[in-house]
Amino acid sequence: MRLNKITEALPFLAPVQILILSVIVIPSLYVVWLSLNASSFGQSATFVGLDNYIRVLTDPAFLLALGNTVLIVIFAVHLELALGLGMALLFASGLPFRRVLLVAVLAPYAVSEVIAVAMWRFLFDPDVGPVTAMLTWLGLPMLDWSFEPSHALIMIGLLTIWLHLPFTFIILYAARLAIPKDLYEAARIDGATAFDAFRRVTIPLLGPAIVVALLFRYIFAFRIFSEVWLMTQGGPARSTEVVAVYLYQEAFSFNAFGTAAATAWIMVLASLLLATGYVFLLRKQVAGNVH
Amino acid sequence: MASLRLAGLRKDFGSVNIIKGVDLEIEDGEFVVFVGPSGCGKSTLLRMIAGLEDISGGDLYIGGRLCNDIPPRERGIAMVFQSYALYPHMTVHENMGFGLSLNKTPKAELDARVREAARILKMEHLLDRKPSQLSGGQRQRVAIGRAIVRKPAVFLFDEPLSNLDAALRVDMRMELAKLHRDLGATMIYVTHDQVEAMTLADKIVVLDGGLVQQVGSPMELYKKPANKFVAGFIGAPKMNFLAVKVQAAHGGTATVASEAISPIPVRGKGFDSGDSAWLGIRPQYLKPGRAAEGEGGICGKIVLIERLGTETIVAIETRANERVVASIPVDMELAFDDNAEFLFNPSAAHLFS
Amino acid sequence: MCTDKLAIGLGKTVAVAVILVWSLFPITFILMSSFKPGQDIFAVPPKFVFSPTIQHYVELWNGWGVFFGGLLNSTIITAGATVLAITTSTAAGYVYSRYSSRMLNASVMFLIIVRLIPPIVVTLPLFPIINAIGLNDTHIVLMVLYATFFVSLGTVLMRTFIDQIPRELDEAAQIDGAGRLTILRRVIVPLAAPGILAVAVFVVVFAWNEFLFAFIFTATRAKTAPLVISEMIGSIDGVDWGVLFAASTVQLIPVLLFVIFMNRYLVAGLTAGATKG
Amino acid sequence: MSDKVFTNITRRGFLGTSLGGAAMLAAGPSFAVGKTLNVLSHKVHQTVLGSGSGDGDLLKDWRTGNDAEIVWTTFDSNPLQDRLFREASLNTTDFNVGYIVDNRPTKQIAAMFEPLDSYLEKDAIEDFGDIAPGLVQGMTVDGKLIGIPVRHATQGLFYNEALLEEQGISAPPTTLEELVEQAQKLTFTSKAGTPVAGMVLASDLAVFPVMFARAFGGDFINAKFELLPNPEAMEKGLTVLRKMFESGALPRSYATTKNDDQVTWLQQGRAAFTVLPFARNAQLNNKEQSKFPGKIKAIEFPISSDLKGKVPMSSIVEAWGMVIPANSKDKELSWKFIKEVSSKRVTLGMARNGNGPVRVSTYADQSFVNNPVAAVEAEVLKNARGAFPPFPEAARAQSIFLEEVQLAVLGRKEIKEAVASIATRVKPLLQA
């Protein structure tokens with residue numbers, strides 16, 4: 001009868017599994033094969049072993065792209081987390097019109113990367129951008145994103161944060177709302193100040209949510225493509241390239257499918273690594289909470 | 001209407017045996033109650049009859065038909081769940097008519113049957129409401145109504161009253177009894193509450209550890225419990241069990257004694273002198289007073305007094321540090337730490353190994 | 001004490017103001033600028049009072065027919081992807097919620113791991129494959145791609161939502177004579193509607209806005225609106241900001257309204273997805 | 001733009017759409033046109049055929065005559081080539097005609113396109129001998145003609161006469177040194193209040209740094225596949241660019257400037273000089289788009305004073321050809337299109353719309369001779385050659401070259417170091 005149940009369940013599961021297998025899993029495995037061969041248009045594949053991986057990993061352009069990606073992941077994601085946490089606490093502290101404010105905060109979630117880039121390019125246009133004008137008027141340095149790679153990365157980082165803050169915020173806010181009010185009342189009776197309550201009650205209880213938000217954002221920030229491609233195309237001088245843009249260039253500009261495939265698998269492995277690291281931490285934390 | 005026969009019914013979850021072989025005959029039109037502590041397997045057994053759980057071994061016959069592999073809808077059963085399991089997105093009418101609509105019953109007939117059931121349960125005015133707009137008792141009625149509409153041969157109730165408050169529970173109990181009389185259908189009812197079992201059942205099946213401990217009418221079980229488990233489970237307050245030693249045994253009578261009880265002969269087969277045994281006495285059969293010749297006596301210090309109005313529950317602690325509970329008439333002067341003595345007729349005592 | 005409260009209130013007001021400006025200023029600015037006469041777009045300081053004009057929309061209509069084709073394509077693709085993702089992940093989520101076995105648990109893990117694979121990875125092998133089966137530059141490719149990259153999250157979400165529906169309802173329906181499919185359709189789907197809507201919000205927003213896949217897998221017939229907008233950004237005649245803003249507004253408004261109306265489900269979905277997925 | 005048709009129902013398209021919402025499609029626009037010809041090109045190729053200044057749609061008769069609609073998909077130069085090759089590498093493609101630039105067709109690339117010799121034999125192009133033989137040669141790989149030349153773009157120096165006058169400069173530069181000096185002078189805020197940059201150049205095309213190197217007698221990769229035949233000249237060229245950048249004569253946004261930006265900047269008076277194909281003259285002086293119609297002039301890109309009069313300046317010319325992907329359908333229709341576009345009438349019409357004509361006879365046509373830059377262009381063309389020759393890793397080589405050039409110009413790398421780096425990094429690609 002048990003087997004019978006599995007067969008009964010199969011038709012329900014099959015569509016999802018077929019989609020995932022045929023669109024994601026099998027192509028990904030095919031990428032492994034590709035990554036072990038050298039090939040281009042009109043050229044049959046020749047087996048080269050790990051050569052592609054070595055070429056990618058020793059390519060300064062890749063290392064730069066990796067460095068940029070890591071920078072974005074580290075700075076943008078953590079800043080985003082801090083902002084999201086601050087906002088979550090602000091909202092939880094009681095605001096009038098909270099529902100309306102919540103919707104306002106969610107709005108960037110609806111904006112496509114393409115339009116976000118158009119917006120931000122215009123706002124920060126070195127010549128005509130209103131934000132640039134305002135910064136100059138305030139006597140502040142403008143964001144010289146079309147020239148300074150570091151500024152360009154800052155711009156990309158800001159854009160990413162703008163697009164994804166709603167996500168981080170909601171996760172933290174929901175987790176914050178899930179903390180029972182009694183705990184804060186108990187803490188107050190125990191003589192805790194607001195800061196004590198934050199440090200000793202809020203933070204430990206938000207821990208899992210923070211880890212989850214971070215994990216997701218790490219993984220998603222690591223694959224960043226559209227923002228960079230549309231904003232700078234990796235320029236100037238490939239200095240703002242990220243791993244996904246590097247992959248795109250290898251595959252679709254240079255037609256070097258082997259190295260592109262190797263890059264792809266390096267991306268997959270890095271994502272898995274990030275994920276396992278944090279899943280491990282998460283488990284430890286959950287276990288820690290139990291004790 | 002149908003009779004049921006369970007023959008060696010077993011249920012395994014992996015290597016764990018939940019039901020270890022149940023043999024049971026249920027007559028057509030009988031009200032059978034499965035009773036037992038939680039985890040005894042009574043709900044599993046009911047769900048096996050319903051077809052919600054697969055049968056690992058043995059045979060299940062409903063109305064003489066082997067039903068092991070027949071899907072629930074074809075078994076001619078209806079079930080009332082503990083949580084009522086009303087479809088929250090449907091009105092009462094739709095809830096009750098759902099099963100009929102699934103087998104394409106004509107609209108007019110469906111409506112007539114739903115209204116008939118609603119009339120029986122006196123809830124015609126609720127038909128257009130959603131379950132969330134109903135009180136607990138009303139939901140319970142809808143759940144029963146849904147069962148009635150199906151005109152099943154067998155009604156299955158899975159602890160249907162446990163989510164109701166005490167007063168409502170008593171009312172619903174009476175209504176269920178009336179429903180059984182009116183419909184005359186076979187009903188199988190699972191509960192952990194022995195009062196429900198005693199009041200409703202034609203036949204009680206006491207289950208423990210996946211095995212049937214005893215089957216019988218309520219009074220049979222009360223008067224002649226087959227073992228210590230059944231004896232302890234049926235009746236409130238619980239039967240007192242006192243550890244005793246068999247001093248002599250012959251011809252269905254054993255003379256037992258302990259530190260707190262002077263030797264007394266009681267009914268009991270299969271005991272030899274020197275055996276350890278349990279002497280069971282229901283609290284109702286303990287009377288205050290000094291034991292005369294041929295009567296058993298227990299004395300101890302009063303540790304608990306509960307005055308319930310019609311009766312008073314008194315607990316004493318014997319010299320052997322055993323607690324003994326007695327249910328006595330209300331007008332007794334008692335005080336904590338007083339010494340008290342109780343007597344009982346040996347014919348009302350049970351001896352268990 | 002009173003001044004303290006005042007200070008906190010003031011601080012909160014400022015914080016809220018900053019948050020609002022941060023979230024809404026870029027959006028409002030685009031929407032507003034699309035109605036500004038050409039020269040006002042570049043005015044320094046920016047003009048907030050101006051005589052609105054629809055000239056950019058007229059230009060968009062006359063000059064960028066492809067954009068409206070793109071919108072139509074986006075609509076078709078979004079609808080298709082959403083339907084596909086919802087049906088498949090509801091069915092799978094139902095099974096994951098109601099059955100459990102070692103194999104099923106393992107396959108949930110598999111679903112979660114699949115989410116970690118960056119989409120760009122599969123573009124490489126998929127491009128020739130899709131072409132070989134004759135589907136490149138069709139709506140169906142993007143529908144399937146968009147749906148697939150959300151079915152793993154969708155399934156996990158649906159499982160979470162369906163877990164909240166008591167099993168007794170399935171059983172009651174089973175006794176009422178319903179088969180698996182009927183239970184799913186008549187009992188689970190209506191009750192898991194919030195979950196379905198949450199998945200729908202994710203897929204709709206993603207499919208409507210997606211750039212990378214559309215960029216790689218479409219050429220003419222299935223080109224989506226974001227792609228046309230990206231072409232406008234790099235158009236030969238220089239960026240015509242007015243028209244670009246008009247196009248952006250047209251692309252943005254439907255999805256923005258959608259997110260606003262469905263914010264409840266978006267929040268529910270994000271919360272459930274984050275804690276369970 | 002003539003994008004009246006963006007969706008037409010074909011079998012595959014229908015398969016794709018029917019599942020998603022055939023109803024929506026049915027409600028959307030549909031056009032009763034017999035055939036569709038999909039063209040993959042740069043926007044300029046589409047513009048010169050009809051929507052630029054000039055005599056309207058040049059292919060109107062062809063459309064009606066063949067009962068076919070033309071659907072254009074346009075990309076910027078490099079992405080266009082990437083896309084064209086990607087499409088051609090598939091089993092089938094929807095694109096019937098593609099535009100290829102002459103420094104891309106290597107052996108492997110050429111193999112993906114239909115050899116056109118037999119088409120030419122069967123259904124000849126009007127007066128094929130009239131098409132410049134050099135351009136035809138550029139589209140011939142391994143003795144097979146794979147593309148029909150359609151446009152040549154000879155790079156010239158454009159300047160805004162009005163801005164020059166405003167800064168008291170009476171004549172355009174005759175040497176590179178003068179150009180730099182004038183560009184610096186022209187970095188100012190104009191009377192109109194527009195901040196003007198001396199010169200605007202795209203940073204994503206090899207053309208510009210190569211022109212500067214050639215002004216000193218150097219090159220990137222010459223026709224004999226010699227990499228950096230004169231490294232010092234390259235260094236000098238890059239030094240000039242860097243100085244201009246440092247002084248602001250090249251705008252701060254140099255690194256993100258695209259080819260298209262050059263046109264807009266010049267039209268709007270935001271830059272005084274730029275390097276663009278002569279053919280862009282019409283567009284730059286277009287009354288509707290330009291703030292300075294008739295004021296934007298073109299001359300030959302000046303050589304350095306050291307070489308002036310000793311050797312001629314070798315400007316860059318690039319040529320475009322029309323190709324038929326070997327995996328496309330309805331090649332007969334493609335050929336009919338190519339034939340029509342190559343006809344004398346259309347060639348002349350395109351030339352008037354700002355296309356570099358491929359026919360010798362066009363230059364003789366009275367209506368084209370009146371073109372203010374025709375004579376200059378003809379002169380420049382004599383010594384012009386491509387930016388670099390085709391080879392398999394050309395795209396990557398160009399990318400490396402540009403990366404190093406940008407680093408050098410932006411001042412992030414010593415010029416010598418950058419040039420040395422070009423040499424070491426590109427070398428292995430040439431051998432491959």
Side-chain angles (χ1 to χ4, degrees), chain B residues 13-14 43 46-54 70-91 94-105 110 130-132 139 142-152 154-160 163, chain C residues 86-87 90-91 93-108 157-200 262 264-265 268-269 272:
Chain B
F13 283 115
S43 280
L46 187 78
R47 291 165 58 83
M48 285 160 79
I49 295 169
L52 296 174
E53 298 283 354
D54 301 330
I70 288 176
R73 59 171 170 266
E74 290 164 31
R75 293 188 184 194
I77 49 125
M79 183 157 167
V80 176
F81 292 83
Q82 179 176 5
S83 64
Y84 318 137
L86 299 180
Y87 311 118
H89 56 299
M90 298 182 195
T91 62
E94 287 165 338
N95 259 290
M96 290 168 66
F98 186 61
L100 295 181
S101 79
L102 285 180
N103 63 22
K104 308 249 164 15
T105 306
L110 183 149
K130 288 271 178 73
S132 58
R139 288 181 205 184
V142 177
I144 294 168
R146 186 169 63 181
I148 293 173
V149 166
R150 289 175 53 75
K151 293 192 177 159
V154 182
F155 281 88
L156 305 175
F157 295 92
D158 189 2
E159 308 210 20
N163 284 353
Chain C
I86 284 176
T87 46
T90 305
Y94 173 56
V95 169
Y96 281 120
S97 169
R98 291 311 193 229
Y99 295 124
S100 74
S101 76
R102 195 170 296 236
M103 233 176 68
L104 282 183
N105 293 344
S107 76
V108 172
L157 268 185
M158 287 316 298
R159 185 184 67 163
T160 313
F161 278 95
I162 294 173
D163 275 344
Q164 293 162 11
I165 302 172
R167 266 162 192 263
E168 281 85 5
L169 289 187
D170 297 34
E171 291 170 351
Q174 221 181 326
I175 286 172
D176 273 337
R180 285 279 158 217
L181 203 62
T182 313
I183 295 175
L184 184 61
R185 220 163 41 86
R186 302 273 302 264
V187 179
I188 299 297
V189 166
L191 294 176
I196 291 176
L197 290 177
V199 176
M262 307 281 269
R264 209 169 284 274
Y265 304 105

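Because the structure is predicted, anything quoted here is derived from the model rather than measured. Letters A, B, ... are given to chains in the order of the sequence lines, protein chains preceding strands, and every chain is numbered from 1.
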* Do C:L169 and B:P88 have side-chain heavy atoms sitting under 4.5 Å apart? -> yes
* To do: Against chain C, label B:L100 side chain, backbone, both or neither, depending on which of its atoms sit under 4.5 Å from a heavy atom there.
  => neither
* Segment of B:R75 engaging chain C (4.5 angstrom heavy-atom cut-off) -> neither
* Asked: Roughly how far, to the nearest 0.5 Å, is the CD atom of C:E168 from the CG atom of B:L52?
  -> 9.5 Å
* Asked: Closest heavy-atom contact between C:G179 and B:R73?
  -> N-NH1, 3.9 Å
* To do: Can you check whether anything in residues 181-193 of chain C gets within less than 4.5 Å of chain B, heavy-atom wise, and list it by number?
  => C:T182, C:R186, C:V187, C:P190, C:L191
* Region of B:F81 in contact with chain C, defined by heavy-atom distances below 4.5 Å -> side chain
* Asked: Of all heavy-atom pairs between B:R146 and C:A172, which one has the smallest distance, and what is that distance?
  -> NH2-CB, 3.5 Å
* Asked: Is it the backbone or the side chain of B:L102 that comes under 4.5 Å from a heavy atom of chain C, or both, or neither?
  -> side chain
* **Shortest non-hydrogen contact between C:I175 and B:A78, atoms and distance** => CG2-CA, 4.1 Å
* **B:S101 OG to C:D176 CG distance, which is reported to the nearest 0.5 Å** => 8.0 Å
* Where is the tightest heavy-atom contact between B:F98 and C:A173, given as atom of each residue plus distance? -> CE2-CB, 4.0 Å
